[in-house]
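Model, not experiment: these values are computed from the prediction. Residue numbering restarts at 1 for every chain, and letters A, B, ... go by the order of the sequence lines. Quick note: numbers below take in every heavy atom, side chains included, and nothing from hydrogens, waters or symmetry partners.
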Protein chains: 2
Amino acid sequence: MATPAPKPLTMADVARHAGVSLATVSRVMNGNPSVDPALADRVRAAVASLNYTASPLARSLVSGRTQTVSVVVPDLGNPTFQAILRGLSRAASRSGYHVLVADSAEVVEEEEVLAVASRRRTDGIVLCAPRMPEERLATLLPELAPVVLVNRDPRAGVPVVAADYRSGLTELLEHLAALGHRRILYLAGVPWSASNAHRLEAVEDFRRANPGARVDEVPCGVDFDAGAAVLDDVLASGATAVLAFNDLVAMGLLSALAASGVRVPEDVSVAGFDDIPFAAYTSPPLTTATVPAEELGEKAWLGMSGLIEARDAPESVYLRPRARIRGSTGPAPSAR
Amino acid sequence: MATPAPKPLTMADVARHAGVSLATVSRVMNGNPSVDPALADRVRAAVASLNYTASPLARSLVSGRTQTVSVVVPDLGNPTFQAILRGLSRAASRSGYHVLVADSAEVVEEEEVLAVASRRRTDGIVLCAPRMPEERLATLLPELAPVVLVNRDPRAGVPVVAADYRSGLTELLEHLAALGHRRILYLAGVPWSASNAHRLEAVEDFRRANPGARVDEVPCGVDFDAGAAVLDDVLASGATAVLAFNDLVAMGLLSALAASGVRVPEDVSVAGFDDIPFAAYTSPPLTTATVPAEELGEKAWLGMSGLIEARDAPESVYLRPRARIRGSTGPAPSAR
DNA sequence: GTCCCGCCAGAAAGCGCTTGCTGCTTCCGG
DNA sequence: CCGGAAGCAGCAAGCGCTTTCTGGCGGGAC
């Protein structure tokens, strides 16, 4: 009853209230210095007394800037993307930007649609689409610019923010080798993902450098269930150490191993990848490689912000994961 | 060089291309049936051949609808909020809505600012602000409407979507009692949060119903570190069972207990709350109460969507957590 | 054959804001 | 004392769309 029609205030109301023109109000609100300080004060007083805030919508329409960026991720349930989103969101927020988030539910086609749709309402887009085929990505990118890519191979004109999975896995492999492991299993992720390819390169490097060791690949997935599901393969393989595609897979495996009475690391060593917050709290605590996902998100924002503000492509960023040795890896069992 | 000035297409371009007026193009694009099918086809053909999509911005400005909702959470790093966001995001997406997310980094003042700012760019807001004082919330709500509240006490005019923490904790307490535990420790969360208050009520209920048992409260936090930090208190208390504020706290404690050689559940039983995805993968697997956070997110969207479309306040929703018994709780040690 | 009505396309008025341009005022130098 | 250069407020033209209103046209009824 107090306000039957809570018609939102417009700049015209402020102008009337302050006895100036629309343009002057606008200039004051945008900090344009070419306004008489006295008038500016009147305007500010009016703004304050009316508790006015300019419509971001109208402002965006005319200025062409929305102060918002989109983020597309394959799965908001994945800790790595969560961390990226978190880092990005906080960094963007510090610069007064908002974040529009879209979850493609792991559907690649959806990814494209979402990306295009989200992009239209924002000033730029951060794309986490590890499984999108190169050629689709290539055709999509021009439509999306400005865009920052996360965890994809470098390319001309588009800044990429990525973890160096290859060197990370190499560290882990060397750690296992130093512990005496000669039969190692790599639980591969989805074949067409860039980061899986990089890990495979690390495996190749390792094989070349360590002819005495054997590394086998087992196709696997990217989540708990996938890790639990390969239990039999792991047991049958005779391997003394297992490198999981990521921590989720490692945790699934760890749990399955525990349930079947296999001791970790006495009987078999297990390592993950990513160092998600939970990795330190498994038992035994999980050896893994630290991917600073939150920092990845921050860097992605930095890149985005560079593109938006300066319109020149910032450098790509590669963060190096470091092996994080915990209790789930130990010396290879001498007698098998 | 191909397109030096990639000036985005406007509706006028389409109109010209199809030889009709702006208004007709608009009508076709909005499915207004009062258009000659032949013209409509011409328009659609033009739209397709130009690959035109209407500017959401301009559309929003005039229609007053942005097809976007905001979500404010205290911490994107918390699995419960992640799940809520995920459920919400996917549900909203199915209805063609976008999601603007804001992370207040656990700062209550920030929460208000973010909420107001986000709200102005969207059609409504889903507020997860468990720690915001009642009175601030009360003054904030009118400014935010339409708004859906998550995990807050019910109130007139605003739909609330919440888990019933009280009954969840009661189930857990009864489970422990049935196992013979008579000395139980509750690791409290932040005192002024609604869900902590509800849990305390459950504790009260239990005390009344079980005069022979003793439940003590220990102030604690809401994350891993808080759980690890209360180790000594737990050990010193002589309790045979510990109820943690949430799974994060329980996992921190579990890990600290393991490190000090205390066996779970032989020496002490531990239960969490929330049933985050990782709870099943600790060792021993964590007994907890299942809070369907993702469903909470979906329900929140349902509520929001009701508010936006029908402009009448939908019913509040209370989801009942169920005790999820796993290996971290067992019979009370007979001899202490 | 005329009149009236209804249907549908287009013209035009905004949505709430930014900004180029105009023209007034003021102040300086000559 | 006058001319010109600044400085600064306001007008008005959009930004790209939706929607009301207007008016032209064709068909049905008499």
Side-chain angles (χ1 to χ4, degrees), chain A residues 5-47 50-68 96 116-117 119-123, chain B residues 5-47 50-68 96 98 117 119-123:
Chain A
K7 182 95 184 313
L9 292 168
T10 79
M11 202 172 251
D13 297 317
V14 179
R16 202 172 318 117
H17 202 83
V20 298
S21 77
L22 259 176
T24 300
V25 177
S26 173
R27 284 193 267 257
V28 171
M29 299 214 61
N30 293 305
N32 186 324
S34 78
V35 177
D36 185 309
L39 276 198
D41 283 344
R42 276 226 315 275
V43 170
R44 274 188 286 267
V47 166
L50 294 174
N51 191 18
Y52 168 79
T53 30
S55 152
L57 237 54
R59 191 179 245 276
S60 295
L61 178 61
V62 60
S63 68
R65 320 275 268 48
T66 62
Q67 299 282 102
T68 306
V116 173
R119 172 60 183 87
R120 294 230 53 197
R121 353 193 122 242
T122 60
D123 296 340
Chain B
K7 182 97 185 311
L9 292 167
T10 80
M11 202 171 252
D13 297 316
V14 178
R16 202 175 315 118
H17 202 83
V20 298
S21 77
L22 259 177
T24 300
V25 177
S26 174
R27 283 193 269 254
V28 172
M29 298 214 60
N30 293 306
N32 186 323
S34 78
V35 177
D36 185 308
L39 276 199
D41 282 346
R42 280 229 310 277
V43 170
R44 273 188 285 269
V47 166
L50 294 174
N51 191 19
Y52 168 79
T53 30
S55 152
L57 236 54
R59 189 178 244 276
S60 295
L61 178 61
V62 60
S63 67
R65 321 278 267 50
T66 62
Q67 299 281 103
T68 306
H98 299 253
R119 172 60 183 87
R120 294 230 53 196
R121 351 193 124 243
T122 61
D123 297 339

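Remark on DNA chain D: of its neighbouring residues B/Met11 and A/Val35, the 5'-side contact belongs to A/Val35, judged by nearest-heavy-atom nucleotide. Comparing B/Arg120 and B/Arg27 against DNA chain C, the residue whose closest nucleotide sits nearer the 5' end is B/Arg27. Heavy-atom distances to DNA chain C give each of B/Ala23 and B/Ala58 a nearest nucleotide, and the one nearer the 5′ end belongs to B/Ala23.
OP1 and OP2 of C/dC17 both lie 4.0 Å or more from every side-chain N or O belonging to A/Ser55. At the phosphate of C/dT18, OP1 or OP2 sits under 4.0 Å from a side-chain N or O atom of A/Ser26. When the side-chain nitrogen and oxygen atoms of B/Tyr52 are compared with OP1 and OP2 of D/dG16, none of them lie within a distance under 4.0 Å.
What separates CG of B/Leu39 from P of C/dA9 is a distance of 5 Å, to the nearest Å. If you measure from atom CG of B/Asp36 to atom P of D/dG26, you get 13 Å, rounded to the nearest angstrom. Distance B/Asp13 CG to D/dC15 C1': 14 Å, rounded to the nearest Å. What separates CG of B/Leu9 from C1' of D/dC15 is a distance of 15 Å, to the nearest Å. Across the protein-nucleic acid pair, B/Met29 atom CE and D/dT19 atom C1' stand 16 Å apart, rounded to whole Å. Summarising the geometry, the separation between CZ on B/Arg42 and C1' on C/dA9 is reported as 11 Å, rounded to the nearest angstrom. Remark: P of D/dA12 and CG of A/Leu22 are 12 Å apart, rounded to the nearest angstrom. Atom P of nucleotide D/dC17 and atom CZ of B/Arg16 are separated by 12 Å, given to the nearest angstrom.
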Exercise for review: Decide side chain to side chain contact (heavy atoms under 4.5 Å, CB included) for B/Val14 and B/Leu50; before the verdict, give the C-alpha distance in whole Å, the side-chain angles of both, and the deciding distance to 0.1 Å.
Suggested key: CA-CA 7 Å; B/Val14 178; B/Leu50 294 174; 4.0 Å; yes

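Closest to the side chain of A/Val62, out of D/dT19, C/dT18, D/dA9, is C/dT18. Distance from the side chain of B/Ser21 is smallest for C/dA11 among the nucleotides C/dA11, D/dT18, D/dC15. Distances from the side chain of B/Thr24 to the nucleotides D/dA9, C/dG16, C/dA9 place C/dA9 closest.
Counting any heavy atom pair closer than 4.0 Å across all strands shown, A/Ser63 reaches no nucleic acid atom. No contact: B/Leu57 has no heavy atom under 4.0 Å from any strand. Contacts of A/Asn32 with the nucleic acid, taken as non-hydrogen atoms under 4.0 Å apart, are absent. Within the 4.0 angstrom heavy-atom criterion, only backbone atoms of the sugar-phosphate kind lie near A/Ala54; the bases stay farther away.
Looking at B/Asn30 and B/Arg59, their side chains come closer than 4.5 Å, going by heavy atoms from C-beta outward. No side-chain heavy atom of B/His17 sits less than 4.5 Å from a side-chain heavy atom of B/Tyr52. Looking at B/Thr66 and B/Arg121, their side chains never come closer than 4.5 Å, going by heavy atoms from C-beta outward.
To the nearest 0.5 angstrom, B/Arg42 atom CZ is 9.5 Å from B/Thr24 atom OG1.
A/Asp41 places no side-chain N or O within 3.5 Å of a backbone atom of A/Ala38 that could act as its donor or acceptor partner.
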